[in-house]
S.K.: 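Sharing a structure, written as structure tokens. Questions coming.
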Amino acid sequence: MIEWDPRLYKWEQIANVVAERIDNGTYPPLALISEVKLQEEFDVARVTVRKAMEALRGRGLITTKPGKGSIVAPQ
């Protein structure tokens with residue numbers, strides 16, 4: 001369980017954790033990232049996870065295809 005930093009939004013913290021996992025290879029290129037699993041792992045609302053995914057898309061770390069899900073962008 002994550003210890004939340006009250007200075008940051010939860011979605012920012014989730015995005016940072018996922019970005020770190022992408023950087024260290026826990027989520028390799030083209031790996032599918034499950035919003036449902038992140039929601040369960042961090043015990044947050046789906047909208048919070050979606051906001052984190054939006055931030056990761058903005059950083060160019062993932063791509064999302066409707067009906068397919070989000071995958072780690074090739075490096």
S.K.: Of the non-hydrogen atoms in Ala15 and Ala55, which two are nearest, and what is the gap between them?
M.R.: CB-CB, 4.3 Å
S.K.: Who are the side-chain hydrogen bond (donor to acceptor under 3.5 Å, both in side chains) partners of Ser70, not counting sequence neighbours?
M.R.: Thr64
S.K.: Suppose we screen for side-chain hydrogen bond (donor to acceptor under 3.5 Å, both in side chains). Which residues come up paired with Asp23, at least two apart in sequence or across chains?
M.R.: none
S.K.: So which heavy atom on Ala19 is nearest to which on Leu61, and how close?
M.R.: CB-CD1, 3.7 Å
S.K.: In plain terms, say whether Glu3 and Lys10 are close enough for a salt bridge, that is, a side-chain N and a carboxylate O under 4.0 Å apart.
M.R.: no
S.K.: Let me confirm one number: the CD-OG distance from Gln39 to Ser34, rounded to the nearest 0.5 Å.
M.R.: 9.0 Å
S.K.: I need the minimum non-hydrogen distance between Phe42 and Trp4, along with the two atoms involved.
M.R.: O-CZ2, 3.5 Å
S.K.: What's the verdict on side chain to side chain contact (heavy atoms under 4.5 Å, CB included) for Arg21 and Val17, showing C-alpha distance, side-chain angles and the deciding distance?
M.R.: CA-CA 6 Å; Arg21 291 176 182 174; Val17 168; 3.6 Å; yes
S.K.: Got more than 12 heavy atoms from elsewhere within 6.0 Å of CD, Glu20?
M.R.: no
S.K.: I'd like to know if the side chain of Gln13 and the backbone of Asp5 have a donor-acceptor N/O pair within less than 3.5 Å.
M.R.: yes
S.K.: What residues, two or more places apart in sequence or in another chain, satisfy side-chain hydrogen bond (donor to acceptor under 3.5 Å, both in side chains) together with Arg59?
M.R.: Asn16
S.K.: Is there a side chain to side chain contact (heavy atoms under 4.5 Å, CB included) between Ile22 and Ile62 once you walk through the steps?
M.R.: CA-CA 9 Å; Ile22 291 170; Ile62 65 169; 4.0 Å; yes
S.K.: Kindly write out the residues that satisfy side-chain hydrogen bond (donor to acceptor under 3.5 Å, both in side chains) with Glu35, not counting sequence neighbours, or none if the list is empty.
M.R.: Arg46, Arg50
S.K.: With rounding to the nearest 0.5 angstrom, report the OG1 to CG distance, Thr48 to Asp43.
M.R.: 10.5 Å
S.K.: With sequence neighbours left out, write down each residue that passes side-chain contact (heavy atoms from CB on, under 4.5 Å) with Ile71, or none if nothing qualifies.
M.R.: Leu30, Leu32, Thr63
S.K.: I'd like to know if Met53 and Leu8 are part of one continuous hydrophobic network [Ile/Leu/Val/Met/Phe/Trp/Tyr, side-chain heavy atoms within less than 4.5 Å].
M.R.: no
S.K.: Rest of the hydrophobic cluster containing Trp11 (Ile/Leu/Val/Met/Phe/Trp/Tyr, side-chain heavy atoms under 4.5 Å)?
M.R.: Tyr9
